[in-house]
Protein chains: 2
Amino acid sequence: MRADARRNRARIVGAAIEAFTEQGPTASMEEIARAAGVGIGTLYRHFPDRRALMEEIAADTVRRLLEAAREFAARPVSRWQVLLLIVEHSVGLPLALLKSWSPAEDERSEVCGLISALNALYAEIAEGAQREGALRTDIAPQEVVELLSVVMCRPGARPDDTLATVILDGLRADPGRGRLPAADAAG
Amino acid sequence: MRADARRNRARIVGAAIEAFTEQGPTASMEEIARAAGVGIGTLYRHFPDRRALMEEIAADTVRRLLEAAREFAARPVSRWQVLLLIVEHSVGLPLALLKSWSPAEDERSEVCGLISALNALYAEIAEGAQREGALRTDIAPQEVVELLSVVMCRPGARPDDTLATVILDGLRADPGRGRLPAADAAG
DNA sequence: ATGAATCGGATGTTCCGCTTCCGATAAGCG
DNA sequence: CGCTTATCGGAAGCGGAACATCCGATTCAT
């Protein structure tokens, strides 16, 4: 592959990540090409259609993330700590794209399998955190994963932003917690 | 107004709320008409364009909500309790529609003013809850409002669902809270 | 310097939703 | 019951947007 071709390909992927993050999966191909500083023809040379471009980004993202998550899980620290590491590592990734695959996509795509593996790993870690007593146990591990997705998938999320802080604090196994409606509340 | 016209109008509004809630503000007018059991011509007779339909729904929704919120705020209970009442009352409302107006919309619309009034009221209540000691004080009242919006605006939200529980618990002023990164965590 | 891979964007095609329009329908009234 | 008229329904025209193609121009690599 020629040097300029490789360079352009990388630019396109970068611009596409930004566009998909900001505008969702319907971001226009023309705009992506423009942001990448290449012609629309160049974009279509590298990726035969929109789906191929999305697939490239999604598969690459979730593949790296799965690798990182496994590395975190192998460390000799608490499972709660592992969850925090994962969240910290995930925010800013273009995870919102994965929603285009979520529920049993028709196509035989690598992305689906990777997502499943990731979710299974997360659920396992969450279960461990519950056994440690760090994570509240009145919520199923799978639901914990979904809540953390809310934190991680928002565009522009940061590891220390308010939503992350509040949700993680809400997930901790502290005493004195209750559910709506508000019979238990102060006042 | 003829009886069938009024009936059809109500059906259209109902179908539009559902469609906008499920598919966002780009839901197709044809589909709304079909779901309402009327022809597309009937829809456009009642609402000259998509914007008019959205405006009708949004203004009506937020007007009622503002009224309810003021009623809650007038009760002799804690401000935290008032927040819970508002959240409880809000989930299920088509609040996601309001995002189409949020940041200083160009048009001179009733919706913008109503949203501002609602936000101001919420911030005031949140501030009161902080003074009570029920709501954590390391978050600005305005940010509290934004977090609660996350709970209230999700399609299909329920007052006792997991995200609501966790965020509200995370907002409580309990001791032992901390922020990411995870230096403080157990383990 | 030369050949071939790559680039760029104008172009044509397709698709989809919006809106109009008018014949058909049926509600309301005398 | 029959007339008047508001309302209904959906076919068709319109407009725009995105996709994908194609080929002359460019630039890399040898």
Side-chain angles (χ1 to χ4, degrees), chain A residues 1-59 94 96-97 99-101 105-107 109 111, chain B residues 1-59 94 96-97 99-101 105-107 109 111:
Chain A
M1 192 182 232
R2 243 167 63 175
D4 56 343
R6 190 159 46 243
R7 192 166 51 239
N8 281 332
R9 187 187 171 91
R11 278 186 187 177
I12 290 169
V13 168
I17 288 175
E18 200 159 332
F20 287 143
T21 300
E22 288 175 2
Q23 312 172 32
T26 63
S28 102
M29 301 293 266
E30 268 100 350
E31 205 164 334
I32 292 172
R34 201 174 334 119
V38 304
I40 183 68
T42 303
L43 195 162
Y44 275 96
R45 159 174 305 279
H46 288 288
F47 302 96
D49 56 24
R50 157 188 238 87
R51 186 131 210 99
L53 178 56
M54 289 175 60
E55 180 102 13
E56 162 93 7
I57 293 172
L97 252 198
K99 289 176 192 153
S100 305
W101 276 268
E105 187 69 8
D106 39 332
E107 301 185 50
S109 148
V111 178
Chain B
M1 192 182 229
R2 239 166 66 175
D4 55 343
R6 191 160 45 246
R7 192 168 52 240
N8 280 331
R9 187 187 171 92
R11 278 186 186 177
I12 290 170
V13 169
I17 288 175
E18 200 159 332
F20 287 142
T21 300
E22 288 175 2
Q23 312 171 31
T26 63
S28 101
M29 300 294 265
E30 268 102 350
E31 205 165 334
I32 292 172
R34 199 171 338 116
V38 304
I40 184 68
T42 303
L43 195 164
Y44 277 95
R45 159 175 306 276
H46 287 289
F47 302 97
D49 56 23
R50 156 187 239 89
R51 186 134 211 97
L53 178 56
M54 289 175 60
E55 182 102 14
E56 162 95 6
I57 293 172
L97 252 198
K99 288 177 194 153
S100 305
W101 275 269
E105 186 70 7
D106 39 333
E107 302 186 49
S109 148
V111 177

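So you know, we letter chains A, B, ... as the sequences are listed, proteins then strands, and number each from 1.
- One atom, CZ of A:Phe47, and another, P of D:dA20, lie 14 Å apart when rounded to the nearest Å.
- Each of B:Gly41 and B:Ser28 lies near DNA chain C, and the nucleotide nearest B:Ser28 is the one positioned closer to the 5' end.
- Remark: A:Asn8 is in phosphate contact with C:dC7, judged by side-chain N or O atoms under 4.0 Å from OP1 or OP2.
- For B:Glu56, the CD atom sits in a packed shell: over 12 heavy atoms of surrounding residues, nucleotides or ligands are nearer than 6.0 Å.
- Protein atom CG of A:Leu43 is 13 Å distant from nucleotide atom P of D:dT21, rounded to whole Å.
- A straight line from CD1 of A:Ile12 to C1' of C:dT6 spans 11 Å, rounded to a whole angstrom.
- In this structure, B:Asp49 places its CG atom 16 Å from C1' of D:dC14, rounding to the nearest Å.
- Going from atom CD1 of B:Ile40 over to atom P of C:dC21 covers 15 Å, rounded to whole Å.
- One interatomic measurement links the two molecules: CZ of B:Arg9 to P of D:dC8, which rounds to 11 Å at whole-angstrom precision.
- Residue B:Glu31 contributes atom CD, which lies 13 Å from atom P of C:dC16 at whole-angstrom precision.
- With the nearest nucleotide of DNA chain D identified for both B:Arg2 and A:Thr26, B:Arg2 has the one nearer the 5' end.
- Residue B:Thr42 places no side-chain N or O under 4.0 Å from the OP1 or OP2 atom of D:dT7.
- In this structure, B:Glu30 and B:Gly37 both approach DNA chain D, and ranking their closest nucleotides by distance from the 5' end singles out B:Gly37.
- Using a 4.5 Å heavy-atom cutoff, the side chains of B:Met54 and B:Phe47 are not in contact.
- Between B:His46 and D:dC8 there is a side-chain N or O to OP1 or OP2 distance below 4.0 Å.
- One atom, OH of B:Tyr44, and another, C1' of C:dC22, lie 18 Å apart when rounded to the nearest Å.
- For the pair B:Arg45 and B:Asp4, both in contact range of DNA chain C, the more 5′-proximal nearest nucleotide belongs to B:Arg45.
- With C:dT6, D:dA29, C:dG8 as the candidates, the nucleotide lying closest to the side chain of A:Ala5 is C:dT6.
- With values rounded to the nearest 0.5 angstrom, A:Arg11 atom CZ is found 15.5 Å from A:Ile32 atom CD1.
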Practice item. Quick one: do A:Arg2 and A:Asp4 satisfy salt bridge (Lys or Arg N to Asp or Glu O under 4.0 Å)? Show the steps, please. Key: CA-CA 6 Å; A:Arg2 243 167 63 175; A:Asp4 56 343; 2.9 Å; yes

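- The structure places CG of A:Asn8 at 10.0 Å from CG of A:Leu43, a figure rounded to the nearest 0.5 Å.
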